[in-house]
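Since this is a predicted model, take the numbers as computed values, not measurements. Within every chain, numbering begins at 1; the chains are lettered A, B, ... in the order of the sequence lines, protein sequences first and strands thereafter.
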Protein chains: 2
Amino acid sequence: MDYNELINVLSNKGLKRTPQRVAVLEALYEIKNHPSAEEVRQKLYSRYPSIAIGTIYNILDTFCEQGIIKKVKTDSDFVRYDVDMERHHHIYCENCNHIEDYHDPELDELLKNYFEKKCIPNFQIQDFNLQIIARYVKHQNKPNQNK
Amino acid sequence: MDYNELINVLSNKGLKRTPQRVAVLEALYEIKNHPSAEEVRQKLYSRYPSIAIGTIYNILDTFCEQGIIKKVKTDSDFVRYDVDMERHHHIYCENCNHIEDYHDPELDELLKNYFEKKCIPNFQIQDFNLQIIARYVKHQNKPNQNK
DNA sequence: TCCTATTCAGGAATTATTCTTGTTTAATTA
DNA sequence: TAATTAAACAAGAATAATTCCTGAATAGGA
């Protein structure tokens, strides 16, 4: 994603184009794996060593409010963020703290249809999102079923 | 859940029957709504004003390790716990921070079958759980569709 | 270019959680 | 029942993520 695209994201949401915001946004698009605020700061460090961690939190909050990014729910004691705003689900790796995106329109359709039939009393469903807890398994070069 | 049942839960897991553990466990069963450590402390306060918050954290950790309770993933900056160990899902209320349990064996079956057919490369699925983001809607006495 | 609301930097404050240390206690065994 | 000991607890200090505060800088509009 180049500079023009980045500043378009900001201006589309009516946000001032500050160097800090552009840098944070760029870092978010570069880091694929659901970074924390601290990981964003580290990614930024070479380009932008002076940015304050409080500023990063402010910017991430602003981005969340404007629907540019989302918080990812985890068990851990810090917040992680996701730039992928398409509907998708997450695979939580049991062994490590990796969170992998899982896009599956067929599943989305299945769930949508299911909940259209089956209403939940007192609740209007806005969205859903499946957490898949899984174990990462390294495959051989030839795709077969063993560990 | 009476005292004997509570101490059975502990002894089944090989945990010492301390007054603190019994009290925390009782509080967890009384509080239905996915409490934080602090909420457990408040619930306990009348019966057990001297219990240390660190002790509550220790006990909750131990209970998690032993599979008596589970952590609940949220966006917020503190951990919540769940005593319901049956497979179930969570409805996250958009308006407030309420989390409602959602049991639905039919859905579980649907998901199980879906992922049996559709494998995810490099991952062995251990478990899944659906987060339903919803808006709470107060119904009239007669159940109809309006807000 | 000037003006002003917004944003930022730096650091202090807050809050949830963990750690440490000395004391107490539950459960086991004599 | 009493003695023993590993486990658990209380109290408070320490840590770490996040928020708040204040004065300075700046983006974008006039």
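Listed by residue number, there are no residues of residues 21-29 of chain B with a heavy-atom contact under 4.0 Å to DNA chain C. In the region residues 9-19 of chain B, proximity to DNA chain C at under 4.0 angstrom, judged on heavy atoms, holds for Lys16(B), Arg17(B), Pro19(B). Contact check of residues 44-58 of chain B against DNA chain C (heavy atom, cut-off under 4.0 Å) returns Tyr57(B). Applying a 4.0 Å cut-off to non-hydrogen atoms, the residues of residues 62-80 of chain B that approach DNA chain C are Asp77(B), Phe78(B), Val79(B), listed by residue number.
The distance from atom CD of Glu38(A) to atom P of dT15(D) is 17 Å, rounded to the nearest whole Å. With rounding to whole Å, Leu60(A) atom CG is found 11 Å from dC8(C) atom P. If you take CD1 of Ile59(B) and P of dT18(C), they are 14 Å apart, rounded to a whole angstrom. Remark: C1' of dT15(C) and CZ of Arg41(B) are 13 Å apart, rounded to the nearest angstrom. For the pair Ile7(A) CD1 and dA27(D) C1', the interatomic distance rounds to 13 Å; values are reported in whole Å.
Applying the ring-ring contact (aromatic ring centres under 6.0 Å, His included) test to pairs two or more places apart or on separate chains, those with a residue in residues 8-39 of chain A are His34(A)-His90(A).
The nucleotide whose nearest atom lies closest to any side-chain atom of Gln20(B) is, among dC9(D), dT18(C), dT19(D), dC9(D).
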Side-chain donor/acceptor pairs under 3.5 Å, residues 67-74 of chain A, sequence neighbours excluded:
from	atom 1	to	atom 2	distance (Å)
Lys73(A)	NZ	Asp75(B)	OD2	3.4
Thr74(A)	OG1	Ser76(A)	N	3.2
Thr74(A)	OG1	Ser76(A)	OG	2.8

Side-chain donor-acceptor pairs of residues 5-14 of chain B under 3.5 Å, sequence neighbours excluded:
from	atom 1	to	atom 2	distance (Å)
Glu5(B)	OE1	Asp2(B)	N	3.1
Asn8(B)	ND2	Asn4(B)	O	3.4
Ser11(B)	OG	Ile7(B)	O	3.2
Ser11(B)	OG	Asn8(B)	O	3.3
Asn12(B)	ND2	Asn8(B)	O	3.1
Lys13(B)	NZ	Gln66(B)	O	3.0

Counting only pairs under 3.5 Å, give me each side-chain donor-acceptor contact of residues 50-64 of chain B, with atom names and distances, residues two or more places apart or in other chains.
from	atom 1	to	atom 2	distance (Å)
Thr62(B)	OG1	Asn58(B)	O	2.8

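With His88(A) contributing its side chain and His103(A) its backbone, the two residues share no donor-acceptor pair below 3.5 Å. Looking only at distances, no side-chain donor or acceptor of His98(A) sits under 3.5 Å from a matching main-chain atom of Cys96(A).
Ion pair Lys118(A)/Glu106(B) flagged as a salt bridge, since at least one NZ, NE, NH1 or NH2 atom sits closer than 4.0 Å to an Asp/Glu carboxylate oxygen. Look at Arg87(B) and Asp127(B) and you find a salt bridge, because one of the NZ, NE, NH1 or NH2 atoms lies within 4.0 Å of a carboxylate O, short of that distance.
With sequence neighbours excluded, no residue forms a side chain to side chain donor-acceptor pair (under 3.5 Å) with Tyr81(B). Residues meeting the ring pair (Phe, Tyr, Trp, His ring centres under 6.0 Å) test with Tyr136(B), sequence neighbours left out: Phe123(A). With sequence neighbours left out, the side-chain contact (heavy atoms from CB on, under 4.5 Å) criterion links Glu94(A) to Ile133(A), Arg135(A), Gln126(B). Under the rule for a salt bridge (charged side-chain N to carboxylate O under 4.0 Å, His left out), the partners of Arg47(A) that lie at least two apart in sequence or sit in another chain are Glu26(A), Glu30(A).
Phe115(A) places a side-chain heavy atom less than 4.5 Å from the side chain of Leu130(B).
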